[in-house]
There are 2 protein chains.
Amino acid sequence: MRDLDETDLRIIELLAADARQPYSDIGDDVGLSGPAVSDRVKRLQDSGVLKRFTVDVDRSQLRAGVPVFVRLTVDSGMAGLRERVSSASAVEHLFVTADGELLFYGRAQADGVRDWLADLIGDADVREREVSVVDDMEWTPALGGVEFALTCAECGNTVDSEGETERLGGDVYHFCCPSCRSRFVERYERMEAGAE
Amino acid sequence: MRDLDETDLRIIELLAADARQPYSDIGDDVGLSGPAVSDRVKRLQDSGVLKRFTVDVDRSQLRAGVPVFVRLTVDSGMAGLRERVSSASAVEHLFVTADGELLFYGRAQADGVRDWLADLIGDADVREREVSVVDDMEWTPALGGVEFALTCAECGNTVDSEGETERLGGDVYHFCCPSCRSRFVERYERMEAGAE
DNA sequence: AATGAAAGGATTAAGCC
DNA sequence: GGCTTAATCCTTTCATT
């Protein structure tokens, strides 16, 4: 894997702010030509860092219903439940925790929250459920500044092309060396076993 | 406000899937010319339905740390806390509930979760806190099919240009008639007063 | 990674329904 | 008012260095 450098990160930042701006404008900002930016974007897409070009929609103007945050404690049937919730078009953000909770944000018809939830839960074994009305919501594609870099998940040092990679719980982590990797994996597994 | 029609919704859907595709391709799909699509996109942006063109980044490849979901029950100081959390670059999703909880998803250094949280909380009065490791996360810009329409938040009927609009908790709702509007507002306020 | 030529989109303006 | 077509301008892509 080729290293990501500051220029790549700046390009991502600019695309996050406006994904449809010309590559030549981005080039002006980072001191590259348009084609050079295009090449980098292609590489970023191939490596999976850039997942997709998309659009941020103010759904409150489009879909009926009250915005709610739902928390379910799931004893069994998580896989199917996750799929049902994920494919529900009223659900926009979804999180699965290591200790078996399914959290999601979506919009429910004001007079049908109970039925809506019952449909989603289906035959999954849900021990606890909690629904809150959401006042305010924010998703931030804008990337921060200085903390944003390809760093070792264990020690924070920069990861270069000699680095290692580990997939844990669906995410990819990078490490600068094998010892950082094994230390991190151990700690992660401990955290997962007995979450705070 | 001009009505949104099926074509607008389809355009949004296509842009959500690939925001950088040519307008003429979108036009082929919806049966319009490129310039017509361009016009509609401009209108959608002006009306605020399309908030921005952006990029979905796999941050797991970029930032160190364990993905965590944090839940804070806040007695006072929510406004400042919300701002601090929102501007933290490691925080990507944030929700504020009507009953004074602040929920967010971000990435913490594995060995510094406590300090990271303490910094974010600052002088806010937080009664309870809970941190969970996140196994799986999904954000869905893809819009569903049939449920996706400009509908009355109360009765589900289509809202036309005669419709009314109400802003509640930072979101905009649409109604087909004044009576739906007042019924919805009442129910919303009840939900907010005593959330489930 | 830059350059320059060729191809392909976007935007504008004029005209139609 | 919203659409289309045609012309212009700009962006992207590709071959070359």
Side-chain angles (χ1 to χ4, degrees), chain A residues 1-58 61-62 141 149-150 158-161, chain B residues 1-57 61-62 141 148-150 158-165 174 176:
Chain A
M1 182 181 100
R2 183 186 158 282
D3 306 11
L4 290 156
D5 60 21
E6 284 302 315
T7 303
D8 292 314
L9 301 176
R10 178 72 185 144
I11 289 172
I12 294 172
E13 213 164 20
L14 290 166
L15 286 174
D18 178 5
R20 234 185 138 94
Q21 68 184 297
Y23 289 152
S24 51
D25 287 4
I26 293 176
D28 289 344
D29 187 289
V30 302
L32 286 177
S33 66
V37 173
S38 174
D39 281 354
R40 280 171 181 258
V41 170
K42 203 169 294 168
R43 250 202 324 258
L44 289 167
Q45 289 182 283
D46 290 344
S47 74
V49 175
L50 281 183
K51 289 202 282 195
R52 62 187 149 194
F53 290 90
T54 188
V55 103
D56 194 7
V57 179
D58 184 354
Q61 297 197 30
L62 294 171
L150 189 57
T158 304
V159 176
D160 61 22
S161 45
Chain B
M1 181 181 102
R2 183 186 159 283
D3 305 11
L4 290 157
D5 61 21
E6 285 301 315
T7 304
D8 292 314
L9 302 176
R10 178 72 186 145
I11 289 172
I12 294 172
E13 212 166 22
L14 290 166
L15 285 175
D18 177 7
R20 236 184 137 95
Q21 70 183 295
Y23 287 152
S24 51
D25 287 4
I26 294 176
D28 289 344
D29 186 290
V30 301
L32 286 177
S33 65
V37 173
S38 175
D39 279 356
R40 280 171 180 258
V41 169
K42 205 169 292 168
R43 242 194 340 246
L44 289 167
Q45 289 182 284
D46 290 344
S47 74
V49 175
L50 280 182
K51 289 202 282 196
R52 62 188 148 193
F53 290 91
T54 188
V55 101
D56 194 9
V57 179
Q61 298 197 31
L62 293 170
F148 184 52
L150 189 58
T158 304
V159 176
D160 61 20
S161 47
E162 306 295 309
E164 308 212 344
T165 282
H174 300 277
C176 61

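Naming: A, B, ... by sequence-line order, numbering from 1 per chain.
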Seminar exercise, completed: F53(A) and V41(A) have their tightest heavy-atom pair at CZ-CG1, 3.9 Å
Seminar exercise, completed: Per atom distances to the A36(B) side chain, the nearest of dT4(D), dA2(C), dG2(D) is dT4(D)
Problem set entry | Length of the NZ-P vector between K42(A) and dA1(C), whole Å | 14 Å
Problem set entry | Spacing between D25(B) atom CG and dT12(D) atom P, to the nearest angstrom | 15 Å
For this session: Please state how far atom OH in Y23(B) lies from atom P in dG8(C), giving the value in whole angstrom units.
Result: 20 Å
Seminar exercise, completed: On DNA chain C, more 5' by nearest nucleotide between D39(A) and S24(B) is D39(A)
Exercise. Which atoms form the tightest heavy-atom contact between R40(A) and D8(A), and what is the distance?
Worked result: NH1-OD1, 2.9 Å
Exercise. Which residue, L32(A) or R20(A), contacts DNA chain C at a nucleotide closer to its 5' end, judged by nearest heavy atom?
Worked result: L32(A)
Exercise. With sugar-phosphate meaning primed atoms plus P, OP1 and OP2, does P35(B) contact a base, only sugar-phosphate, or nothing at under 4.0 Å between heavy atoms?
Worked result: base
Seminar exercise, completed: From CZ of F53(B) across to P of dA10(C) the rounded distance in Å is 11 Å
Exercise. Between atom CG in L15(B) and atom P in dA10(C), what is the gap in whole Å?
Worked result: 11 Å
Exercise. Do L14(A) and R10(A) have side chains that get closer than 4.5 Å, going by heavy atoms?
Worked result: yes
Problem set entry | Flag, side chain of R20(B) to backbone of Q21(A), donor-acceptor distance under 3.5 Å | yes
For this session: Check whether any side-chain N or O of S38(A) sits under 4.0 Å from OP1 or OP2 of dT13(D), and answer yes or no.
Result: yes
For this session: In whole angstrom, give the distance that lies between atom CD1 of I26(A) and atom C1' of dT12(D).
Result: 13 Å
Exercise. Distance check: side-chain N/O of S33(A) vs OP1/OP2 of dA1(C), anything under 4.0 Å?
Worked result: no
For this session: In whole angstrom, give the distance that lies between atom CZ of R43(A) and atom P of dT13(D).
Result: 14 Å
Problem set entry | Whole angstrom value for the distance that separates C1' of dA10(C) from CD of Q45(B) | 14 Å
Exercise. Hey, which of T54(A), D56(A), D18(A) is the one that makes side-chain hydrogen bond (donor to acceptor under 3.5 Å, both in side chains) with R52(B)?
Worked result: D56(A)
